[in-house]
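Report on the following structure.
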Amino acid sequence: MNIANFLTSCDGKWRRAEPASSASIVALVEKSGLELPTDYLSFLTQCNGGDGFLKVQPCYLRVWNAEVVVDYNLTLQRWFAEFGKMDSF
């Protein structure tokens with residue numbers, strides 16, 4: 001079972017997004033500069049992110065879509081560099 005099917009079958013309220021376009025996936029790979037796992041790239045072809053409550057830990061999950069994931073991660077890196085770890089609050 002792949003992750004997209006797992007998320008929709010785990011009796012939660014997962015809302016999966018429409019699949020990512022090939023152009024979005026290519027842009028993500030280029031922008032990230034990383035060798036992304038094939039399982040993740042396959043996931044994007046079935047489900048371009050989503051969010052919802054699950055009946056398994058972590059109970060709520062959000063997966064950012066291919067168009068924003070790199071920018072969101074860079075924003076979080078800057079935030080943590082400026083304000084420190086969340087457990088320090």
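Here the structure is a predicted model, which is why all the values come from computation and not from measurement. Keep in mind that the numbers below use all heavy atoms, side chains included, and drop hydrogens, waters and symmetry copies.
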>> Are more than 12 heavy atoms, taken from residues, nucleotides or ligands other than Y60, located less than 6.0 Å from that residue's OH atom?
In response: yes
>> Which heavy atom of Q46 sits nearest to which heavy atom of R16, and what is that distance?
In response: O-NH2, 3.3 Å
>> Counting C-beta onward and ignoring hydrogens, is there a side-chain heavy-atom pair between V26 and V29 closer than 4.5 Å?
In response: no
> Rounded to the nearest 0.5 Å, what separation is found between the CG atom of L28 and the OH atom of Y40?
Replying inline: 5.0 Å
> Rounded to the nearest 0.5 Å, how far does CG of N65 lie from CD of E18?
Replying inline: 12.0 Å
> Could you give the distance from CZ (R15) to CG (D51), rounded to the nearest 0.5 Å?
Replying inline: 4.0 Å
> How long is the span from the OG atom in S21 to the CD atom in E67, to the nearest 0.5 Å?
Replying inline: 6.0 Å
> Roughly how far, to the nearest 0.5 Å, is the CZ atom of R78 from the CG atom of N73?
Replying inline: 10.5 Å
>> With side chain to side chain contact (heavy atoms under 4.5 Å, CB included) as the test, pick out the partner of F43 among V63, T38, N48.
In response: V63
> Shortest non-hydrogen contact from A20 to A66?
Replying inline: CB-CB, 4.4 Å
> What distance separates E30 CD from I25 CD1, expressed to the nearest 0.5 Å?
Replying inline: 12.5 Å
